[in-house]
Amino acid sequence: MRRTLIAGNWKMNGSSAANAALLAEIKAGLKAGAGCDVLVCPPAPYLLQCADVLAGSAVAWGAQDVSAHVAGAYTGEMSAAMLADCACQYVIVGHSERRAYHLESDALVAQKALQALQAGLTPIVCVGETLQQRELGQTDNVVTAQLQAVLDMLDVAALDSIVVAYEPVWAIGTGKTATPQMAQDVHAVLRSLIAAKDADAAQRVQILYGGSMKPDNAKELLAMADIDGGLIGGAALKSADFLAIVAAA
Ligand code: 13P
């Protein structure tokens with residue numbers, strides 16, 4: 001049985017004061033424990049704030065990106081070891097906003113996932129098609145190429161240390177959600193791709209859905225056989241909404 005993971009991707013939002021309030025509300029809401037794994041991914045300058053506030057709580061913290069390099073002259077980048085040093089457990093790699101605005105290739109995303117794994121972090125590998133790609137019937141091919149690039153770099157044992165997130169680009173921040181069946185269909189494609197590498201491990205990998213997941217649609221999305229959690233953007237910035245999604249899980 002796969003555990004459900006509800007992860008908040010705060011993107012480039014927040015401040016020390018706003019985070020303190022949000023984290024306190026989330027912690028208070030989960031005082032009695034959570035029925036699923038819960039994660040927040042703040043902007044990097046706030047990772048130590050999360051470490052300070054969340055240590056010993058039911059909430060884990062992670063980063064939104066990581067360097068593909070180990071160390072050295074890469075101004076502005078953060079290594080996986082540095083994130084581990086901030087007690088991160090997870091790091092998002094290959095988010096569509098990084099692919100689009102920073103031209104991250106499938107190969108670079110795979111390098112980032114590898115760096116994360118080597119530092120003991122769980123990479124959350126994001127894949128997803130644009131609206132145009134969906135309309136052209138290319139969804140399965142696009143997400144397959146994106147995930148395969150990562151799978152090609154991993155040995156079978158590493159499959160137990162990755163999370164996959166399907167985030168259709170057209171559903172991110174738009175209020176448009178994939179229907180549960182549309183999402184399930186892609187999740188099934190992704191799981192069968194993993195199964196081609198190792199059938200047993202494929203049954204254990206958590207595959208999250210992201211893209212306008214809200215309290216009012218979380219339950220039906222999370223009810224699908226291959227949807228094992230959510231990667232939440234906008235709704236993760238409001239404690240009531242985030243807690244409602246956690247409660248739906
Ligand atoms: P929204 O929930 O705001 O659509 O964002 C989803 C997302 O990109 C999470 O990584």
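Atoms within each ligand, like the ligands themselves, are counted from 1 in listed order. For clarity, every value in this text was computed on a predicted model and none was experimentally measured.
Looking at His95 next to ligand 1, an N or O pair under 3.5 Å apart turns up. Checked against a 3.5 angstrom limit, the closest N/O atoms of Ile232 and ligand 1 fall outside it. Of the N or O atoms in Gly173, one or more lie within a sub-3.5 Å distance of an N or O in ligand 1.
With respect to Arg3 and Asp228, no salt bridge is recorded, no charged nitrogen being found less than 4.0 Å from a carboxylate O.
With no hydrogens or angles considered, a side-chain donor-acceptor pair links His95 and Glu167 at under 3.5 Å. For the residue pair Gln184/Asp226, the side-chain donor-acceptor check at 3.5 Å is satisfied. A donor and an acceptor atom, one from each side chain of Gln132 and Trp170, are nowhere located under 3.5 Å apart.
Only the side chain of Asn9 comes within 4.0 Å of ligand 1, counting heavy atoms alone; its backbone N, CA, C and O stay farther away.
The distance from ligand 1 to the heavy atoms of Gly234 drops below 4.0 Å at these ligand atoms: 1 (P), 2 (O), 3 (O). Remark: ligand 1 atoms within the under-4.0 Å shell around heavy atoms of Ser212 are 1 (P), 2 (O), 4 (O). Residue Ala171 has at least one heavy-atom neighbour below 4.0 Å for each of these atoms of ligand 1: 4 (O). If you number the atoms of ligand 1 from 1 as listed, the ones under 4.0 Å from a heavy atom of Glu167 come out as 6 (C), 7 (C), 8 (O), 9 (C), 10 (O).
The protein atom (non-hydrogen) at minimum distance from atom 2 (O) of ligand 1 is Gly233 N, 2.9 Å.
Proximity of Lys11 to ligand 1 is established by a heavy-atom distance of less than 4.0 Å. The shortest heavy-atom distance from Gly211 to ligand 1 is under 4.0 Å.
Side-chain atoms of Asp152 never come within 3.5 Å of backbone atoms of Ala149 as a donor-acceptor pair (strictly under, hydrogens ignored). Here the side chain of Ser212 pairs a donor or acceptor atom with the backbone of Ala171 at under 3.5 angstrom.
Considering Thr144, Leu159, Val164 in turn, Leu159 is the only one that fulfils the side chain to side chain contact (heavy atoms under 4.5 Å, CB included) rule with Leu151.
Classified by interplanar angle (parallel below 30°, tilted 30° to 60°, perpendicular above 60°), the ring pair Tyr166/His187 is perpendicular.
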